[in-house]
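A quick write-up on the structure given underneath.
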Protein chains: 2
Amino acid sequence: MTDHKLGHVAVTIKEVARVAGVSTATVTRALSNPEVVRPTTRERVREVAASLGYHPNRAARGLITGRTGNLGLLVPDLANPFFPSIVKGVQGRAHEADHAVFLADTDEDPAAEAGLVRKLAKQVDGIVLCSPRMAEPELRTLAAEVPTVLVYRRIAGVPSVTAEFLDGMRQAISHLVALGHQRIAYVAGPRRSWANRERVRSLRAVARKSGVELCEMGNVAPQFHGGVSIADRVLATEVTAVIAYNDLVALGLLHRFAARGVAVPDDLSVLGFDDIPLAEMVHPALTTVALPKEEAGQAGVDLLLRLLDSHQEVRRELPTHLMVRGSTGPAR
Amino acid sequence: MTDHKLGHVAVTIKEVARVAGVSTATVTRALSNPEVVRPTTRERVREVAASLGYHPNRAARGLITGRTGNLGLLVPDLANPFFPSIVKGVQGRAHEADHAVFLADTDEDPAAEAGLVRKLAKQVDGIVLCSPRMAEPELRTLAAEVPTVLVYRRIAGVPSVTAEFLDGMRQAISHLVALGHQRIAYVAGPRRSWANRERVRSLRAVARKSGVELCEMGNVAPQFHGGVSIADRVLATEVTAVIAYNDLVALGLLHRFAARGVAVPDDLSVLGFDDIPLAEMVHPALTTVALPKEEAGQAGVDLLLRLLDSHQEVRRELPTHLMVRGSTGPAR
DNA sequence: TTGAAAGCGATACCAG
DNA sequence: CTGGTATCGCTTTCAA
């Protein structure tokens with residue numbers, strides 16, 4: 001007999017069966033298939049289970065059902081406030097659906113992602129994957145191995161949740177044009193990032209239609225320092241407004257502009273993307289295109305669970321909203 | 001018949017055994033107890049395992065060994081940038097130790113925490129718990145049920161990782177005193193929060209010793225809006241400097257001060273606690289007492305793993321550092 | 001050094 | 001409606 005001395009011994013189904021005077025089979029049924037058990041038996045079992053504080057061991061259950069009740073969530077960098085919001089969404093919805101969530105932060109290292117997914121794969125029913133950079137073929141391979149839903153990345157044949165970037169960009173440009181801006185800079189994010197490519201694509205389309213002159217720069221890291229590092233180059237161009245790849249980059253710009261004595265929005269308008277919480281905490285508050293974050297996480301879980309139940313392929317595209325705040329104003 | 005199906009169907013130990021021409025027992029040994037297997041056999045098995053892409057099913061293993069290789073991590077609110085940093089630390093160290101991490105965000109609801117812990121308990125070897133508010137007795141009960149390490153909370157009899165608040169406060173006050181400040185406000189965080197109580201205690205001790213006049217206010221929510229909401233009351237007092245419960249609150253103060261036209265640090269100095277990444281992104285950058293975050297997460301995992309191996313009780317206290325930045329200056 | 005077999009905790013199928 | 005039993009994938013005696 002090898003019992004650890006970890007104080008608390010978990011109560012098993014056998015114990016419940018013994019105390020209730022029934023077989024383990026009946027205990028299972030009373031708990032997960034109530035209608036097939038005679039009411040009096042069912043109640044007795046449930047009471048015993050409750051009084052003993054019995055909770056089925058999910059690992060054991062998963063062994064036979066093939067369902068673990070766990071989900072995996074991969075994000076590139078928790079330090080970007082965009083992702084904690086998504087995590088909150090995933091986590092909240094997963095718990096509502098009585099699923100637990102494995103979290104892995106890949107530290108912006110696409111190479112590590114596949115490995116992490118495969119390690120988690122055995123312990124989860126499916127994976128919510130935020131991977132802006134992993135190569136398409138690899139992503140597709142992965143999705144074939146384990147049920148996967150992509151968040152903020154779209155690939156043919158893989159369920160995904162994204163946002164209407166084009167519409168967001170349209171709102172952003174309309175706003176700037178209405179303020180009289182005609183020459184606008186775009187500070188690009190990582191070249192291989194799907195989100196960046198989408199934003200560039202949308203931006204060019206909208207710019208052409210609106211007749212604005214676009215000045216593209218970058219690529220920079222999708223972080224605060226990325227914005228800081230390119231701010232001076234933005235100033236060197238003759239633009240009246242700048243759109244940053246994301247809010248973090250925009251904040252970096254703001255920071256350096258302030259240091260250089262450039263007044264925002266009087267001398268220059270700044271517009272971000274994402275609407276991370278910080279966006280309204282700074283001065284001037286950042287005008288930005290809000291992307292659904294918690295909602296995206298929730299939708300990701302919804303899609304995944306649906307996928308697990310019926311193998312249907314699904315895709316969802318969430319709306320975006322321009323949040324006009326202090327960092328944009330009339331063209332000088 | 002050799003069904004060669006790559007990927008989709010998980011390869012089991014049986015399959016490896018069959019291909020390698022040995023028993024499953026030998027496969028296990030070759031993989032997790034190499035020295036007891038004849039070298040030639042061992043190598044053959046390992047090669048087959050590798051070529052088949054075999055990874056043991058941890059749930060099944062856990063069933064018999066009592067070790068799942070999983071850790072649980074509970075945080076009160078991922079929206080406070082303080083916690084993602086801790087999560088990164090936990091997550092990184094756990095992966096180094098080949099453990100996966102379950103994450104749960106309790107949404108600042110201490111009542112939900114115990115339930116979440118118990119739900120996770122069955123699937124993990126131990127739990128890293130960030131719970132500034134849960135009542136002590138309950139916490140102690142929980143810790144008796146499942147191996148637990150507290151992060152940023154200290155309770156007799158439960159392993160924990162904290163920081164030297166007293167020393168941090170000493171540095172903060174010395175800094176302000178050196179700048180000529182004599183009347184200082186403290187904006188308190190949640191009354192029941194352990195961190196707040198510690199900070200108040202330290203602050204009073206240091207203030208008395210330094211002869212500074214302390215003006216305590218609050219309690220406010222540990223968030224941006226908490227700071228915003230109390231800013232005007234701070235202005236109504238005759239202080240030259242204010243220490244906020246944490247950086248988020250400090251940022252709220254900064255925000256409202258800016259709106260009121262109060263110049264920081266010229267009219268008023270502001271000092272925060274935590275050193276969240278945002279602290280240096282705002283203007284003026286926030287002077288703050290830096291708390292180890294990733295390190296705390298890592299230490300939490302270290303303690304937990306140690307605890308699991310030897311049932312030793314441990315405690316660790318990490319150093320703090322004052323980060324002097326733009327939000328503090330000479331007393332007016 | 002290796003294999004056969006007994007479980008770990010739970011569920012699912014098949015009788016009764 | 002209920003009980004017995006095989007089984008999930010793996011580890012661990014116990015013999016050989």
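Nothing here was measured: the structure is a model prediction, and the numbers come from that model. Every chain is numbered from 1, with letters handed out A, B, ... down the list of sequences.
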Exercise. Out of curiosity, A/L74 CG to A/L120 CG, how far, rounded to the nearest 0.5 Å?
Worked result: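 Interatomic distance, A/L74 CG to A/L120 CG, rounded to 0.5 Å: 6.5 Å.
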Exercise. Distance only, no hydrogens: is a donor on one side chain within 3.5 Å (strictly under) of an acceptor on the other, for B/E113 and B/S131?
Worked result: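 Present: a donor and an acceptor within the cut-off.
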Exercise. Toward the 5' end of DNA chain C, which comes first, A/P56 or B/I64, by nearest nucleotide?
Worked result: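 Its nearest nucleotide lies further toward 5', so the answer is B/I64.
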Problem set entry | Difference in axis direction between the ends of the helix from C/dT1-D/dA16 to C/dG16-D/dC1, five pairs, 10° |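 Answer for the end axes of this duplex: 40°.
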Exercise. Of the nucleotides D/dT11, C/dG9, C/dT11, which has the atom closest to the A/R61 side chain?
Worked result: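 Ranking D/dT11, C/dG9, C/dT11 by closest atom to the A/R61 side chain puts C/dT11 first.
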Problem set entry | Residue A/T65, side-chain heavy atoms: nucleotide from C/dT11, D/dG4, D/dG9 that is nearest |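 My answer, after comparing the listed nucleotides, is C/dT11.
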For this session: Determine: side-chain N/O of A/T41 to OP1/OP2 of D/dT2, distance under 4.0 Å, yes or no.
Result: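 Result: yes.
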Problem set entry | Side-chain N or O of A/K14 closer than 4.0 Å to phosphate OP1/OP2 of C/dC8 |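 Affirmative; the distance criterion is met.
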For this session: Name every residue in residues 25-34 of chain B that has at least one heavy atom under 4.0 Å from any atom of DNA chain C, in order of residue number, or write none if there are no such residues.
Result: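 Residues of residues 25-34 of chain B that come under 4.0 Å of DNA chain C are, in numerical order, B/A25, B/T26, B/R29.
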For this session: Starting from C1' on C/dT1, measure out to CZ on B/R38 and report it in whole angstrom.
Result: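 Nearest whole value for this atom pair: 7 Å.
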For this session: Can you sort out the partners of B/E35 under salt bridge (Lys or Arg N to Asp or Glu O under 4.0 Å), two or more places apart, ordered by chain and number?
Result: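 By the salt bridge (Lys or Arg N to Asp or Glu O under 4.0 Å) rule, B/E35 matches no residue at all.
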For this session: Using side chain to side chain donor-acceptor pair (under 3.5 Å) as the criterion, list what pairs up with A/N80, not counting sequence neighbours.
Result: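 Side chain to side chain donor-acceptor pair (under 3.5 Å) list for A/N80, sorted by chain: empty.
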Could you tabulate the donor-acceptor pairs under 3.5 Å formed by side-chain atoms of residues 52-62 of chain A, not counting sequence neighbours?
| unit_1 | atom_1 | unit_2 | atom_2 | d |
| --- | --- | --- | --- | --- |
| A/N57 | OD1 | A/A59 | N | 2.8 |
| A/N57 | OD1 | A/A60 | N | 3.1 |
| A/R58 | NH2 | A/D98 | O | 2.7 |

Exercise. With sequence neighbours excluded, what pairs up with A/F83 under the ring pair (Phe, Tyr, Trp, His ring centres under 6.0 Å) test?
Worked result: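 Once residues adjacent in sequence are excluded, A/F83 has no partner under the ring pair (Phe, Tyr, Trp, His ring centres under 6.0 Å) criterion.
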